[in-house]
Amino acid sequence: MIRLFDSARGEICELRLRDPGRVSMYACGPTVYDLPHLGHGRYTLVWDVARRWFTFRGLDVRFVSNITDIDDNIINRALRDDTTETDIARTYEHQWWAAMDLIGVARPDDTPHATKFVAEMTELIASFLESGVGYLTSDGVYFDVSRVKDYGLLAGQPLESLRAGARVEANDEKRSPLDFALWKFAKPGEPSWPAPFGDGRPGWHTECVVMSLALLGDGFDLHVGGFDLKFPHHENERAQAVSQGRDFAQHWSHSGWVMVGSEKMSKSLGNFTSLTDLLEKTDARAYRLLVLRSHYRSPIEVTPATIADAERALLRLDTLARRFDLAALAGNALEVATDFTWTEETGKLCEKVGAYLDNDLDTPLAVAALFEAVSTANTAADKGEDARGKELALAVNALFGALGLQLLSSSHHMDDLSATLVAERDEARFTKNWAEADRLRDELVKLGWVVEDSASGTTIRKP
RNA sequence: GGCGGCGUGGCCGAGUGGUUAGGCAGGGGCCUGCAAAGCCCCGUACUCCGGUUCGAAUCCGGACGCCGCCUCCA
């Protein structure tokens, strides 16, 4: 049984499935108007891990995550860059997937694009106008939140108190500052789609409710995203669905944000680091390990220091992979080692790690248990229990693999010169010519290698 | 103002009332020709003030500090 904190209920509860054995899961994807930043990296990693874990548990997961390819931000960016909205969306969607591939986030099963669902959106909006839940103003169509009984469910407070805190609204045609745009009429030169109530473009909240219901159907299992989407975005998605008497997501989960110093990283604060930049100078696996080492609902600091810390921890795992000659498991692919054979000892490890992960995706405890198993494996091998060490190492590899973290035994290819030096050093050591052996080691170090000796000879690796 | 969260050893970061979190860094040792890697040992921490309890980092009350949402935001 998988348990997960539910933002609507405010407690950890069982993830109940509409169809036993199958998980339908939706994550709001990016608006493609800029490079993805570390916050995008965090939420995609968190839910990639969840998806992988569900899959490892034998569940058939259908994961849908959209691309918002029409939005005010895209229009503004196109104006700024003196190009078209289509060009901006295409450019940054490409950047998005490139970053996702680098960071090892598996592609969703479906990636609906908002512009491909406009017909469904206008149909929905028309029905809102008909029922009176939606209303026209001079600049678009708005949704009357007072028409939804339990509006504020996700925000955790009633409509009145939300309204009390709302900031002064520029648009005085809205009945309430909490009402949101379903549709925005196009200004001259802006991209627009035809609609009986006036040509224009859909509002963000309408895009996601339409796409999630279209692909996953009413009452799908799990809707996820970053905490900052909980209100108003997710609240508004839900409001639209329930105002039509439709079942929406049965379970809501939100992931914590990335902090910069003591502030949340966000587009509006302008304090973001692009994921693309990070991945250029860092092993992407370090970011995944950093994310895994904290709980998904807690804020994390991503700084050069915390990344370096994760990189050194990763080194310990790669050293294990090298010592036991572990095969690198599939990175971006969602493959699960279903044919893994557990021994009594590794079975217990799997049980322990699994219990942590089943309980609100407690990756920090799971990772701690795996690091303990690394020590156990090394100790076993040190004592000459090679088979036992190997079994443990294989299990650690399989379980990290289930979380999408690849252990690498050789991440760097040895060039001819280095290979020659290694061979010469083996010869020097064999003949106990220590001076020559040390000289050759110095040469290898100068070439950027870390030299390690063992009974079977010299091995080299990058630091 | 409303709602929610956080405050743990040098750093990062878990924590279900009592028994080792884990990682990184640091110190000592084993191993090694010397190293590296690995292994063993070492820190006795929980913002503050009360309270409950045989016993609290963990529960209750209060104080202080910090953060987030209520506006676009993962």
Side-chain angles (χ1 to χ4, degrees), chain A residues 7 10 27-31 36-47 71-73 76 152 154-158 160-170 177-178 204 224-233 235 254-259 262-269 272 289-290 293-295 297-301 303 305-317 319-320 322-323 356 359 362-372 374-375 377-383 429 432-435 437-438 441 445 449-455 458-461 463:
Chain A
S7 308
C28 295
T31 300
H37 61 70
L38 297 182
H40 295 106
R42 170 53 152 182
Y43 99 87
T44 51
L45 282 168
V46 163
W47 301 117
D71 177 87
D72 289 8
N73 286 313
N76 293 335
L154 284 167
Q157 51 185 325
E160 303 75 55
S161 77
L162 281 167
R163 183 175 296 164
R167 287 160 214 202
V168 181
E169 180 65 48
L178 296 171
W204 181 40
V224 302
F227 260 118
D228 42 9
L229 292 191
K230 189 163 74 165
F231 190 91
H233 183 56
E235 187 82 54
H254 294 93
S255 49
W257 42 79
V258 171
M259 303 292 286
S262 58
E263 277 183 328
K264 177 192 159 204
M265 176 175 290
S266 75
K267 297 294 280 189
S268 50
L269 291 172
F272 60 92
L289 185 55
L290 179 58
R293 288 209 296 178
S294 61
H295 190 87
R297 287 189 280 122
S298 303
I300 55 169
E301 288 260 11
T303 63
T306 59
I307 285 286
D309 192 76
E311 281 183 310
R312 285 188 293 261
L314 192 58
L315 207 55
R316 183 165 164 82
L317 299 178
T319 301
L320 184 86
R322 214 176 310 116
R323 176 170 192 176
Y356 290 141
N359 183 31
D362 201 335
T363 56
L365 282 179
V367 168
L370 288 169
F371 269 95
E372 280 176 15
V374 169
S375 291
N378 280 320
T379 303
D382 283 355
K383 286 192 297 189
R429 287 183 65 235
K432 297 198 194 302
N433 185 350
W434 306 127
D438 288 350
R441 174 164 58 198
V445 169
W449 297 103
V450 173
V451 179
E452 293 179 359
D453 296 335
S454 72
T458 287
T459 57
I460 60 176
R461 64 176 169 90

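Numbers restart at 1 for each chain; the letters A, B, ... are given by sequence-line order, proteins then strands. None of these values were measured; they are calculated from a predicted model. Any value given below was found using the heavy atoms of this structure, including those in side chains, with hydrogens, waters and symmetry copies removed.
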Atom-pair distance (NE2 on His233(A); C1' on C70(B)), nearest Å | 17 Å

With a non-hydrogen cut-off below 4.0 angstrom, is Ser266(A) in contact with a base, only sugar-phosphate, or nothing?
-> base

Taking atom C1' in both C70(B) and U53(B), compute the distance separating them and give it to the nearest angstrom.
-> 40 Å

Structure string for RNA chain B in dot-bracket form, Watson-Crick and G-U at under 3.5 Å, | interchain = (((((((..(((.....[...))).(((((.......)))))....(((((..]....))))))))))))....

Please check if the side chain of Ser161(A) supplies one atom and the backbone of Gln157(A) the other of a donor-acceptor pair under 3.5 Å.
-> no

Is a side-chain donor or acceptor of Thr458(A) paired with a backbone partner of Asp453(A) at a separation under 3.5 angstrom?
-> no

Using the C1' atom in both, what is the distance from G62(B) to A14(B), to the nearest Å?
-> 28 Å

Nearest 0.5 Å, what's the CD-CG distance between Glu235(A) and Leu162(A)?
-> 7.0 Å

Plane angle bin for Phe272(A) and His37(A) - parallel if under 30°, tilted between 30 and 60°, otherwise perpendicular = tilted

If you look at every strand shown and take non-hydrogen atoms under 4.0 Å, does Val258(A) touch a base, only sugar-phosphate, or nothing?
-> base

Asp71(A) has an atom CG; how far is it from atom C1' of A74(B), in whole Å?
-> 14 Å

Atom-pair distance (CG on Asp362(A); P on G13(B)), nearest Å | 15 Å

Nucleotide N/O of nucleotides 17-21 of chain B paired with protein N/O under 3.5 Å:
{"from": "A21(B)", "atom 1": "O2'", "to": "Glu372(A)", "atom 2": "OE2", "distance (Å)": "3.3"}

C1'-based separation of C46(B) from C6(B) [nearest Å] = 14 Å

Reading 5' to 3' through nucleotides 33-43 of chain B, protein heavy-atom contacts under 4.0 Å coded B for base, S for sugar-phosphate only, - for none = BBBBSSSS---

Write down the atom of Arg429(A), the atom of Ala437(A), and the distance for their closest heavy-atom approach.
-> CG-CB, 3.8 Å

Euclidean distance, atom CD of residue Glu263(A) to atom P of G68(B) [Å, nearest integer] | 6 Å

Check: Asp309(A) side chain, Ala305(A) main-chain N or O, donor-acceptor pair, under 3.5 Å | no

For C48(B) versus C11(B), give the span between their C1' atoms, rounded off to a whole number of Å.
-> 23 Å

Pairwise C1' distance, G10(B) and C3(B) [rounded to whole Å] | 37 Å

Report the distance from atom CD1 of Ile300(A) to atom P of C24(B), rounded to the nearest whole Å.
-> 19 Å

Mind checking whether Lys267(A) and Asn73(A) have side chains closer than 4.5 Å, heavy atoms only?
-> no

Pick base, sugar-phosphate or nothing for Met259(A), based on heavy-atom distances below 4.0 Å to the nucleic acid.
-> sugar-phosphate

Integer-rounded Å distance: G23(B) C1' and His295(A) NE2 | 19 Å

Answer whether the closest heavy-atom distance between the side chains of Cys28(A) and Tyr43(A) falls below 4.5 Å.
-> no

Exam field: side chain Tyr356(A) to backbone Val367(A), donor-acceptor pair closer than 3.5 Å | no

Mind listing the closest non-hydrogen atom pair of Ser255(A) and Trp47(A) along with its distance?
-> OG-NE1, 3.4 Å

Residues at least two apart in sequence or cross-chain that pass salt bridge (charged side-chain N to carboxylate O under 4.0 Å, His left out) with Glu452(A), listed by chain then number, are Arg322(A), Arg461(A)

Are the side chains of Asp362(A) and His295(A) in touch, meaning some heavy atoms are under 4.5 Å apart?
-> yes

What residues, two or more places apart in sequence or in another chain, satisfy salt bridge (charged side-chain N to carboxylate O under 4.0 Å, His left out) together with Asp71(A)?
-> none

Atom CG of Leu289(A) to atom P of C24(B): distance rounded to whole Å?
-> 10 Å

Nearest-Å distance once atom P is located in both C49(B) and A56(B) | 14 Å

Sticking with atom P, work out how far A57(B) lies from A45(B), rounded to a whole angstrom.
-> 10 Å

Counting any heavy atom closer than 4.0 Å, what does Gly152(A) reach on the DNA or RNA strands: base, sugar-phosphate only, or nothing?
-> nothing

Separation between CZ (Arg316(A)) and CG (Leu289(A)), nearest 0.5 Å, reads 12.5 Å

Interatomic distance at P, A37(B) relative to C24(B), whole Å = 11 Å

Would you kindly give the CD-to-P distance between Glu301(A) and C67(B), to the nearest whole Å?
-> 12 Å

Readout for nucleotides 1-6 of chain B: B = base within 4.0 Å of protein heavy atom, S = sugar-phosphate only, - = neither; 5' to 3' it is BBS---

Polar contact flag, side-chain donor to acceptor under 3.5 angstrom, Arg297(A)-Ser7(A) | no

